[in-house]
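Notes follow once the structure below has been shown.
Throughout, residue positions are numbered sequentially from 1 according to the sequence presented. Here the structure is a predicted model, which means the values were calculated and not measured.
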Amino acid sequence: MDLFAYGTLMCPELLRALTGLRRAPFPARLEGYRRRCMVRTSYPGIAPCAGEGVEGVLYRALPRTALGILDAFEGAEYRRRILTVDLDGAGVSPALCYVLRPHALRCMRAEPWSLAHFRERSLAALLPRASRIRTSVRLGRGCARLA
């Protein structure tokens, strides 16, 4: 299945640390949603919002085995949904996307999230945690969100 990433997973090196997969990110956009920072974290969330859109990337053909790892990484605040994304003017495609659950919407802040800011301040620290999540899930251990 294809995955639309709009936050930390836009970094291919993070996807690789989590899943071991090397995938090229393709520009994509999700209409009808907004992306904002979350309280006390370095990652964003998205929520429905008419008239707005979220820039992100599409990773093609992720194997089902990667989904359990991504679910553990995303945590209980997010649920996997299939949404339609715009492929940078080259049509539309269904893709999995992690959307905030209703109870987590209260944790969204007003300010937009920045990929450049995340890369600069948080990515390096998150990569070892991502590897631990991958190992934990592969060993069949439950794991709380470590990111």
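How far OH of Tyr43 is from CG of Leu9: 12.5 Å, rounded to the nearest 0.5 Å. With rounding to the nearest 0.5 angstrom, the CG atom of Leu126 is 11.5 Å from the CZ atom of Arg119. Atom CG in Asp2 sits 5.0 Å away from atom OG in Ser93 (nearest 0.5 Å). A distance of 10.5 Å separates CD1 in Ile69 from CG in Leu62, rounded to the nearest 0.5 Å. For the atom pair Leu70 CG and Phe73 CZ, the distance stands at 8.5 Å (nearest 0.5 Å).
No option in Leu3, Leu96, Thr19 other than Leu96 meets the side chain to side chain contact (heavy atoms under 4.5 Å, CB included) test with Leu67. Tested against Glu52 for a salt bridge (charged side-chain N to carboxylate O under 4.0 Å, His left out), the candidates Arg29, Arg34, Arg36 yield a single pass: Arg36.
Proximity of a side-chain donor or acceptor of Arg60 to a complementary backbone N or O of Arg23 within less than 3.5 Å is not detected. With hydrogens and angles disregarded, a donor-acceptor distance shorter than 3.5 Å links the side chain of Arg35 to the backbone of Tyr6. Between the side chain of Tyr59 and the backbone N or O of Met10, at least one donor-acceptor pair lies under 3.5 Å.
Taking a 6.0 Å sphere around CZ of Arg109, one finds it holds more than 12 heavy atoms contributed by other residues, nucleotides or ligands.
Here the closest non-hydrogen pair linking Gly7 and Pro44 is CA-CG, 3.6 Å.
Side-chain contact between Leu30 and Phe4 is present, with heavy atoms from C-beta onward closer than 4.5 Å. Leu123 is not listed as a side-chain neighbour of Ser42, based on a closest heavy-atom distance of 4.5 Å or more.
Under the 3.5 Å distance criterion, with hydrogens and angles disregarded, a donor-acceptor pair is assigned to the side chains of Asp71 and Tyr98.
Leu83 and Val92 fall into different hydrophobic clusters, defined by Ile, Leu, Val, Met, Phe, Trp and Tyr side-chain heavy atoms under 4.5 Å apart, directly or through other members.
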